[in-house]
Number of protein chains: 2
Amino acid sequence: MPEDKPARRKRPTIADVAKRAGVAPAIVSRALSPERRPVSREKRERVLKAAAELGYNQNPLARGLATNSLDMVAVIVNHITDLSDLDLFDPLLEAIQALGKQAVIIRVGNTEKIEDFLRNSAAFHVHAALVFSDFADAEGVRTLFHSDNVLMLNGRFDAKSAYITIDEAAGIREAVTRALERGAKTGALVTGRQTSLIEQARIQAYRDICAGAGLDLVQELQGDYSYASGLALARSIDGASLPDAIFCTSDAWPWA
Amino acid sequence: MPEDKPARRKRPTIADVAKRAGVAPAIVSRALSPERRPVSREKRERVLKAAAELGYNQNPLARGLATNSLDMVAVIVNHITDLSDLDLFDPLLEAIQALGKQAVIIRVGNTEKIEDFLRNSAAFHVHAALVFSDFADAEGVRTLFHSDNVLMLNGRFDAKSAYITIDEAAGIREAVTRALERGAKTGALVTGRQTSLIEQARIQAYRDICAGAGLDLVQELQGDYSYASGLALARSIDGASLPDAIFCTSDAWPWA
DNA sequence: CTGTTAGCGCTTTCAT
DNA sequence: ATGAAAGCGCTAACAG
């Protein structure tokens, strides 16, 4: 792989375009801006022409520095390993790009503190941050990404952050009901990492709903959503006293 | 979601750190640089302390503008929908981040010309670009991302780009051999988008190897790697003259 | 509407 | 080893 060389030839800047079009740099900036800025029709056309001839490309860094904003959104996840992630991320990427922005996917992994993780790596000024990882809190993300547009999807929102929470109780109720209809008297619950607020809520919902419906939750097994852990847990279920039903708190609803 | 407000409070800059540490901004820059720059031990410590107290975070945009490089790598893909993508992208993201860089995933979708796609969106100065999408060529990527570090994984490399190609002939030979061992005389080949160079190479390899081994390739069916297309193609295979073996050029090797 | 002038925050000569 | 100063490329504020 070729090593870091400085760019081969300098790229044309706004000044080059300005010179070629015979206008001031500011005019170029306005003419090329997506917003409607005051520029005479004639100069705008000269600028567009010059820019095209020069193969001019805006430097997002310079723009970002000047406007204090970058057209990027940070997507903060633990990892991308679940089947359901496929259904999630592809449309998400598409949507973000349709907005003219790019997505930086921050994979936090199992780092307990996202701050530790990012301390030495760059913390971007992003347009927005979407937080799926349960390791991140709203204030920390705002600080790290220099943005007030944080959307918390992990339940850890605060007054200043937007959030989406899903009422999973309905689905859980449905699952339990269905199990009961099939004659289940006892059940086991396979859970994921319990530090997740959303996961805690799910578990509590299962307990409450099962209790209310008269289904005896005889076992709670903790995994980490991975196929491997699921397999291991499955083996660990006592064959003799097999519960009638097994519920999983995984993100994807298999019966959906 | 809160709308675009200017950042609530100004973030501390290198100047703030310098003031608090009683040194020049340049010293702060050197002290905080990952590389070993000449700074007296004592001042370095003062700087580090001041930075910590202020909660200083470097602004990557300013750094990028000054150094003409950003610690990001662009990953250019068609989309993320295959099961095998999970196995690929999660470790890839992890590896990229372990290098202290962030990954921007550019989802080209079905856009025929990546340039069209990116014309209006920002073209980043990235440290490197990894190209999986078969819609992108080396020169275009170098230009768009202002980087000479392009790694072509789609077969469309040129003299200046790094590349990785996989010798799939071995695997194909193995697959054909296995089919023959099981008594197959005829076979069908399910292919993907034929504009991909890699795909073309695979198809040719199947043809050559089957011909050489005496297995009669009676059908070639073109899909697009999606489950849906696979299903449709499966239905289209004539039940009466069912071939003995069916080969797929999909990226994931099901028998691996 | 247009051009000039300041910066944005950081790195980097270049003197000291 | 240190600091002053000059930019990186762009946008925004201010005069014309």
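Naming: A, B, ... by sequence-line order, numbering from 1 per chain.
Taking only side-chain atoms of A:Ile27, from C-beta outward, the nucleotide of D:dT11, C:dT11, C:dG3 with the closest atom is C:dG3. Comparing D:dG3, D:dT11, C:dG9 by their nearest atom to the side chain of B:Ala66 picks out C:dG9.
Residue A:Val39 is classed as a sugar-phosphate contact, given heavy-atom separations below 4.0 Å to backbone atoms only.
Dashed line: the shortest gap from a side-chain N or O of A:Thr67 to OP1 or OP2 of C:dC8 is not under 4.0 Å. Not one side-chain nitrogen or oxygen of A:Arg37 sits closer than 4.0 Å to the OP1 or OP2 atom of C:dT2. Between B:Thr13 and C:dC8, a side-chain N or O to OP1/OP2 separation shorter than 4.0 Å is absent. Residue B:Lys43 has no polar side-chain atom (N or O) positioned under 4.0 Å from OP1 or OP2 of D:dA1.
A donor N or O paired with an acceptor N or O is found under 3.5 Å between the base of C:dG3 and the side-chain atoms of A:Arg30.
No donor-acceptor distance shorter than 3.5 angstrom exists from the side chain of B:Gln102 to the backbone of A:Val104, with no hydrogens or angles considered. The closest donor-acceptor contact from the side chain of B:Gln58 to the backbone of B:Arg63 lies at 3.5 Å or more, if one exists at all. Looking at A:Asn154, its side chain does come within 3.5 Å of a backbone N or O of A:Ser133 through a donor-acceptor pair.
Straight-line distance from the CG atom of B:Leu70 to the P atom of D:dC8: 18 Å, rounded to whole Å. Taking atom CG of A:Leu65 as the reference point, atom P of D:dA12 lies 12 Å away to the nearest angstrom. At whole-Å resolution of the value, CD1 in A:Ile14 and P in C:dT4 are 15 Å apart. Going from atom CG of B:Asn59 over to atom P of D:dG9 covers 17 Å, rounded to whole Å. Rounded to whole Å, the distance from CG on B:Leu61 to P on C:dC10 is 11 Å. Rounded to a whole Å, the CG atom of A:Asn57 is 14 Å from the C1' atom of D:dC10. Protein atom CZ of B:Arg63 is 8 Å distant from nucleotide atom P of C:dT12, rounded to whole Å. Protein atom CG of A:Asn68 is 7 Å distant from nucleotide atom P of C:dG9, rounded to whole Å.
Between A:Tyr56 and the choices A:Leu32, A:Leu48, A:Asp16, A:Val47, the side-chain contact (heavy atoms from CB on, under 4.5 Å) rule is met once, by A:Leu32.
The aromatic rings of B:Phe157 and B:Tyr163 lie parallel to each other, with less than 30° between the two planes, well short of the 60° mark.
Residue whose closest nucleotide on DNA chain D sits further toward the 5' end, between B:Pro38 and B:Pro25: B:Pro38.
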